[in-house]
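Predicted model only: the values in this text are computed from it and were never measured. Just so it is clear, the values below take in all heavy atoms, side chains as well, and ignore hydrogens, waters and symmetry mates. Each chain gets a letter, A, B and so on, in the order the sequences are listed, and its residues count up from 1.
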Amino acid sequence: MARRETEPPEQETLRRWEREQAQLKANVIEEDTEEWQKDSTFAGLERVGGVDLSYVKGNDTVACASLVVLSYPELEVLYEDCQMVTVSAPYLAGYLAFREVPFLVEAAQRLQEREPGLRPQVLLVDGNGVLHHRGFGVACHLGVLTDLPCIGVAKNLLQVDGLAKDEQHKGQIRDLQMGGDVFPLRGTSGRVLGMALRSYNKSTKPIYVSVGHRTCLESAVRLVQSCCRYRIPEPIRQADIRSREYIRTHLSSPLGGTSPGPGRDNIFSTVPGSS
DNA sequence: GCGACAG
DNA sequence: ATCTTGTCGC
């Protein structure tokens with residue numbers, strides 16, 4: 001029988017992961033490196049990517065990794081890749097990248113082989129960038145490994161460096177009047193680790209944007225906001241929707257069990273039309 | 001014992 | 001992450 005639970009990591013594994021994070025962290029660039037980032041309208045930006053993993057209920061190891069590429073500024077899906085994967089690392093706050101990044105790197109490699117012309121100019125990642133225990137979240141990790149500009153977008157605040165969901169924080173959230181309003185997340189260290197963003201008018205709960213790689217916080221926030229039709233920026237939202245739908249249609253056994261039927265365990269498609 | 005815990 | 005349907009509003 002296949003393992004349905006990931007093994008708890010040994011202390012030695014954690015130390016190794018921390019060393020790896022520290023090593024890769026030296027390569028992070030927290031500044032704009034692309035021309036389009038410097039333009040107030042992002043002229044020259046045509047493709048924005050989004051990545052996400054959805055998990056099969058009741059099974060800690062089977063998931064669907066998805067990478068989508070959307071046109072900008074239209075936000076139409078140009079490319080979609082869904083791949084069933086078996087994760088080996090457990091979820092641990094602070095070490096999310098070791099659970100998800102390997103499959104996202106593979107997805108990026110498949111894109112490069114199949115449709116190099118659709119390579120995204122920036123990638124929105126589900127999770128944090130430098131807003132992290134050791135300043136190296138999943139968005140930084142993926143950014144360094146792919147050398148793509150990456151932005152971290154978290155749905156919940158990771159409470160590091162003194163940041164907390166205290167009354168002060170709640171008050172700042174209440175003060176966000178409309179879509180586009182933000183407030184900085186300044187840690188005890190004095191450093192601004194990210195921005196809380198009211199992503200659109202109808203949502204009261206903000207999203208947390210932080211630098212992943214090859215971008216500054218200001219342009220990262222500006223780009224994320226320009227990608228929001230709903231609370232979650234469209235590239236990540238599409239990756240999420242498609243990975244969940246992929247699981248639903250591929251493992252729809254009545255009792256929630258995993259029944260790998262005879263079918264493709266991967267799809268990728270390119271949407272014709274806009275070029 | 002209590003709180004924290006990106007996905 | 002996932003557990004989960006209908007319901008209120010535009």
Side-chain angles (χ1 to χ4, degrees), chain A residues 4-6 8-9 14 17-18 21 50-67 82 84-104 107 123-143 150-166 169 179 185 187-188 193-197 199-213 220 224 229-233 235-237 239-248 251-253 255-258:
Chain A
R4 283 174 185 265
E5 298 287 336
T6 50
L14 294 182
W17 283 350
E18 286 162 15
Q21 289 179 327
V51 293
D52 186 45
L53 260 74
S54 290
Y55 294 84
V56 172
K57 59 180 179 181
N59 190 318
D60 199 19
T61 67
V62 180
C64 175
S66 140
L67 185 166
C82 287
M84 292 306 300
V85 300
T86 301
V87 304
S88 53
Y91 168 70
L92 283 180
Y95 306 87
L96 174 64
F98 295 97
R99 180 170 164 84
E100 303 195 338
V101 151
F103 309 107
L104 300 178
L123 213 45
L124 303 192
V125 183
D126 208 335
N128 293 299
V130 301
L131 174 45
H132 179 267
H133 302 74
R134 292 166 294 283
F136 193 73
V138 62
C140 299
H141 204 131
L142 184 60
C150 282
I151 297 172
V153 180
K155 295 179 287 295
N156 294 291
L157 176 65
L158 182 58
Q159 305 182 60
V160 300
D161 192 20
L163 295 174
K165 298 174 185 170
D166 51 20
H169 185 75
L185 300 167
T188 301
L193 300 174
M195 294 278 246
L197 165 68
S199 54
Y200 84 129
N201 283 330
K202 291 188 178 182
S203 174
T204 281
K205 184 175 182 178
I207 57 179
Y208 300 92
V209 179
S210 58
V211 169
H213 188 45
V224 169
R229 286 180 176 163
Y230 302 103
R231 186 169 87 104
I232 304 303
I236 291 178
R237 182 169 167 270
D240 178 56
I241 290 174
R242 286 155 197 264
S243 58
R244 298 169 60 154
E245 175 68 4
Y246 193 78
I247 286 177
R248 193 181 70 73
L251 324 160
S252 55
S253 64
L255 297 180
T258 305

### Task
Figure out the CG/C1' separation between A/Asp52 and B/dA6, and round it to whole Å.
12 Å
#### Entry: Side-chain N,O (A/Asn156) to OP1/OP2 (B/dC5) below 4.0 Å
no
### Message
Please tell me whether A/Ser66 and A/Ser243 have a donor and an acceptor in their side chains that are separated by less than 3.5 angstrom.
### Response
no
### Task
Using whole Å, report how far CG of A/Asp60 lies from P of C/dT2.
12 Å
### Task
Could you tell me the separation between the OH atom of A/Tyr55 and the C1' atom of B/dA6, rounded to a whole number of Å?
11 Å
### Query
What does A/Phe98 touch in the nucleic acid at a heavy-atom separation under 4.0 angstrom: a base, only the sugar-phosphate, or nothing?
nothing
### Query
Does A/Tyr91 have a side-chain nitrogen or oxygen under 4.0 Å from the phosphate oxygens OP1 or OP2 of B/dA6?
yes
### Task
Using side chain to side chain contact (heavy atoms under 4.5 Å, CB included) as the criterion, point out the one residue from A/Val51, A/Ile232, A/Ile236 that pairs with A/Leu124.
A/Ile236
### Message
Nearest whole Å is fine: how far is C/dA1 P from A/Leu92 CG?
### Response
17 Å
### Message
Expressed as a whole number of angstroms, how long is the span from A/Ile241:CD1 to C/dT2:C1'?
### Response
17 Å
### Side chain of A/Gln159 (C-beta onward), nearest among B/dG7, C/dC3, B/dA4
B/dA4
### Query
To the nearest Å, how far apart are A/Arg248 CZ and C/dA1 C1'?
18 Å
### Query
Any side-chain N or O of A/Lys155 under 4.0 Å from OP1/OP2 of C/dA1?
yes
### Summary
Rounded to whole Å, the CG-C1' distance (A/Leu96 to B/dC5) equals 12 Å
## Note on the structure
Separation between CG (A/Leu14) and OH (A/Tyr95), nearest 0.5 Å, reads 5.0 Å
### Task
Using a heavy-atom cut-off of under 4.0 Å over every strand shown, decide if A/Asn128 touches base, sugar-phosphate, or nothing.
base
### Query
Base, sugar-phosphate, or nothing for A/Gly152, non-hydrogen atoms under 4.0 angstrom?
nothing
### Message
With a 3.5 Å distance limit and no angle check, can you tell me whether A/His132 reaches the backbone of A/Gly94 through a side-chain donor-acceptor pair?
### Response
yes
### Task
Kindly determine whether A/Phe98 and A/His141 satisfy side chain to side chain contact (heavy atoms under 4.5 Å, CB included), including the steps that lead there.
CA-CA 9 Å; A/Phe98 295 97; A/His141 204 131; 3.8 Å; yes
### Message
When the C1' atoms of C/dT2 and B/dC5 are compared, how many Å lie between them, rounded to an integer?
### Response
15 Å
### Query
5'-most contact on DNA chain C: A/Lys202 or A/Gly58, nearest heavy atom basis?
A/Gly58
### Euclidean distance, atom NE2 of residue A/His133 to atom P of B/dC5 [Å, nearest integer]
7 Å
